[in-house]
Amino acid sequence: MARANSRLKVLSIFGTRPEAIKMAPLIKALASEPGIDSQICITGQHQSMLQQVLDMFDLKAQYTLDVMTPGQTLNTLTAALYAAIDPVLEQARPDKVLVHGDTTSAMVAAMSAFHRRIPVGHVEAGLRTGDIHQPWPEEMNRRTIDLISDHLFTPTAESRRNVLGERLQGKSFVTGNTVIDALKMTAERIDQNRQLRVALDRQFNFLDPKRKLLVVTGHRRENFGDGFLDICKALRTLASRDDMQIVYPVHLNPNVLGPVTEHLGGLANVHLIKPLDYLSFVRLMQLAHVVLTDSGGVQEEAPSLGKPVLVMRDVTERPEAVAAGTARLVGTDPNTIVRGVCALFDDEQLWRRTSQTANPYGDGKACSRIVDALMGRPVDEFVAELPSRRSEAEEVHRQPMALRSVSSLH
Ligand code: UD1
Ligand code: UDP
């Protein structure tokens, strides 16, 4: 609740690309709330990939830290973050700290606030795979943050159930995911401006209009090593199809950039490109036939854009799109990835069913709900759209891949 004679001082601390994308619309909403004095601290866990987002959303940070080192380890990063964030809390003296998701920046910022007895609000609370090693270290980070948070902004009913089941102390609100707010703002900007579309499309003038587009992203730590070699193997096989072209904006982590460039560089049908700014990446997803990813954010965005998404993980903390039939888990086994992608390229009916637009993650109003909760106003919670009624045959495709035998795949 805002104090009687002064504004509520809210410090949002974040440091990576996805946090910036998902916090950007919230920062805008906080800034336009008269009862809130909103400040931003950028940890610098990411540099160029984060700067692109700040530029696009025109965000200015009051505190900019510089913790990124090339190929940083989790422990050196964690230590650097604790050392850098504490003086900011000392100087800013916020009433509340907001963090997002499950990165090391978010975990250390939340813990640092906790150590100073500053209430924490966790945006995107309650996501769980149930396996502490997947994703790693994110499942541990988000559980830690949830444990100490006062406000748990859970995106969906499922994530709310998770925090209630753990009997956490914080107060939970089902808000929808702020990524849908960011996506809606961005997609509307593209859809309403033909000139902008033409300019964005110019970046992709290497695309062949006769081939359908597979958009790929991948960067998870638990896939480093063999996982990435298997992903590259699958993409090499898929690249031999003459009806397909692959665009892969490669994450700057050297553990990703190295193997991907070594094993896929120079293949005529595979376009390895630098990480795109958010506007360009949303446009690329709009142009896609199918999206193949291990990313959390992309799993949430693709269903909203009506794009089938295959998820290169064994388990997901985002089961809603799998249940809605627009996402499937394919892990990193090359044969399973190839079969999953080929099924969607070969079977028009399957593609049609899977490409239905679904919004299980939000309705674009998550940020205003979070502001209402912070101000102590009643919160009109998010209720997901139910997937449209499907035939019995279609129900087969809605089952999570993990629950079906691989041989039953198309
Ligand atoms: C981090 C998060 C992960 C999130 C991902 C989003 C942790 C432990 N991991 O993973 O949860 O899904 O961001 O992308 O918090 N690098 C650059 N420039 C950049 C960004 C990264 O060069 O702008 C390189 C650096 O060499 C850096 C390395 O990537 O050391 C790894 O960055 P790091 O933030 O540790 O891990 P990510 O794999 O990016
Ligand atoms: N994204 C982007 N440019 C790219 C690839 C992805 O802007 O070249 C966006 C994407 O739309 C999503 C977010 O980055 O919103 C996902 O970030 P990432 O995959 O790095 O992290 P994760 O979501 O897995 O934590």
Side-chain angles (χ1 to χ4, degrees), residues 14-25 42-57 66-78 80-81 99-109 124 127 134-142 145 177-183 185-187 203 215-224 228 247-258 271-286 288 291-302 304-305 307 309 311-313 316-318 361:
F14 53 92
T16 67
R17 168 174 70 187
E19 292 165 273
I21 291 169
K22 292 170 164 185
M23 288 298 277
I42 302 298
T43 67
Q45 177 175 341
H46 282 179
Q47 280 173 355
S48 57
M49 282 167 48
L50 181 94
Q51 193 56 46
Q52 293 178 333
V53 186
L54 301 183
D55 293 345
M56 188 202 133
F57 286 97
D66 182 22
V67 300
M68 195 192 93
T69 53
Q72 57 213 1
T73 69
L74 292 176
N75 287 333
T76 56
L77 173 62
T78 302
L81 284 163
V99 300
H100 180 280
D102 50 22
T103 66
T104 300
S105 280
M107 185 273 288
V108 176
E124 202 182 80
L127 275 62
Q134 297 193 67
W136 177 79
E138 289 83 359
E139 178 81 359
M140 185 280 295
N141 287 343
R142 56 194 173 215
I145 301 168
N177 198 305
T178 59
V179 78
I180 304 302
D181 301 34
L183 180 67
M185 281 165 68
T186 309
Q203 296 176 86
V215 170
V216 181
T217 77
H219 69 84
R220 299 244 73 87
R221 270 182 157 78
E222 65 275 13
N223 287 343
F224 289 174
F228 266 95
V247 176
Y248 185 167
V250 188
H251 194 283
L252 294 178
N253 193 320
N255 296 297
V256 179
L257 198 52
H271 305 279
L272 300 180
I273 59 174
K274 292 197 172 130
L276 292 167
D277 63 82
Y278 189 53
L279 206 52
S280 305
F281 188 71
V282 170
R283 181 61 184 155
L284 186 67
M285 282 193 288
Q286 289 181 330
V291 176
L292 176 66
T293 189
D294 67 12
S295 157
V298 178
Q299 273 180 76
E300 293 155 344
E301 292 162 339
S304 244
L305 295 171
K307 302 296 172 177
V309 58
V311 181
M312 295 185 287
R313 302 190 190 185
T316 181
E317 64 289 83
R318 294 167 168 91
Y361 296 110

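First listed ligand is number 1; within each ligand, the first listed atom is number 1. Note that this is a predicted model, so its numbers are computed, not measured.
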What closest approach, in Å, do Ser105 and Thr43 show between heavy atoms, and which atom pair accounts for it?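 Looks like OG-OG1, 2.8 Å.
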As an exercise, identify every atom of ligand 1 less than 4.0 angstrom from a heavy atom of [X].
| X | result |
| --- | --- |
| Leu74 | 8 (C) |
| Pro70 | 26 (O), 30 (O) |
| Gln72 | 27 (C), 30 (O), 32 (O), 33 (P), 34 (O), 35 (O) |
| Pro18 | 6 (C), 14 (O) |

Beyond-backbone contact of Met56 with Leu279, side-chain heavy atoms, under 4.5 angstrom: yes
Look at [atom] and find which of [options] reaches it with the closest heavy atom.
| atom | options | result |
| --- | --- | --- |
| atom 19 (O) of ligand 2 | Ala182, Ser295, Pro275, Gly218 | Ser295 |
| atom 11 (O) of ligand 1 | His219, Glu138, His251, Met49 | Glu138 |
| atom 27 (C) of ligand 1 | Asn253, Asn141, Thr69 | Thr69 |
| atom 1 (C) of ligand 1 | Met68, His46, Glu19 | His46 |

Under a 4.0 Å heavy-atom limit, does Glu301 contact ligand 2 with its side chain, its backbone, both, or neither?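 The answer is the side chain.
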Quick one: does ligand 2 sit under 4.0 Å from the side chain of Phe281, the backbone, both or neither, non-hydrogen atoms only? side chain
Would you mind checking which non-hydrogen protein atom is closest to [atom], with the distance to 0.1 Å?
| atom | answer |
| --- | --- |
| atom 34 (O) of ligand 1 | Gln45 NE2, 2.9 Å |
| atom 26 (O) of ligand 1 | Gly71 N, 2.9 Å |
| atom 4 (C) of ligand 2 | Arg17 NH1, 3.2 Å |
| atom 19 (C) of ligand 1 | Gln47 N, 3.6 Å |

Among the heavy atoms of Arg221, does any lie under 4.0 Å from an atom of ligand 1? yes
Looking only at distances, please establish whether an N/O atom of ligand 2 is found under 3.5 Å from an N/O atom of [X].
| X | result |
| --- | --- |
| Asp294 | no |
| His219 | yes |
| Pro249 | no |
| Leu276 | yes |

Regarding Glu222 and Arg313, does a basic nitrogen lie under 4.0 Å from an acidic carboxylate oxygen? no
Polar proximity ligand 1 side, Ser48 side, N/O cut 3.5 Å exclusive: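 The answer is yes, given that Ser48 and ligand 1 share an N or O pair closer than 3.5 Å.
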Using a 3.5 Å cut-off on N or O atoms only, is Thr16 in polar contact with ligand 1? no
Ligand-side contact atoms (ligand 2) for residue partner Arg220, heavy atom cut-off under 4.0 Å: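 Contacts of ligand 2 toward Arg220, numbered from 1: 24 (O).
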Counting each atom of ligand 2 from 1 as listed, which ones have a heavy atom of Gly296 under 4.0 Å away?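 Those qualifying, in numeric order: 22 (P), 23 (O), 24 (O).
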Using 30° and 60° as the class limits, which term best fits the ring planes of His46 and His251: parallel, tilted or perpendicular?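 Because their plane-to-plane angle is over 60°, the rings of His46 and His251 count as perpendicular.
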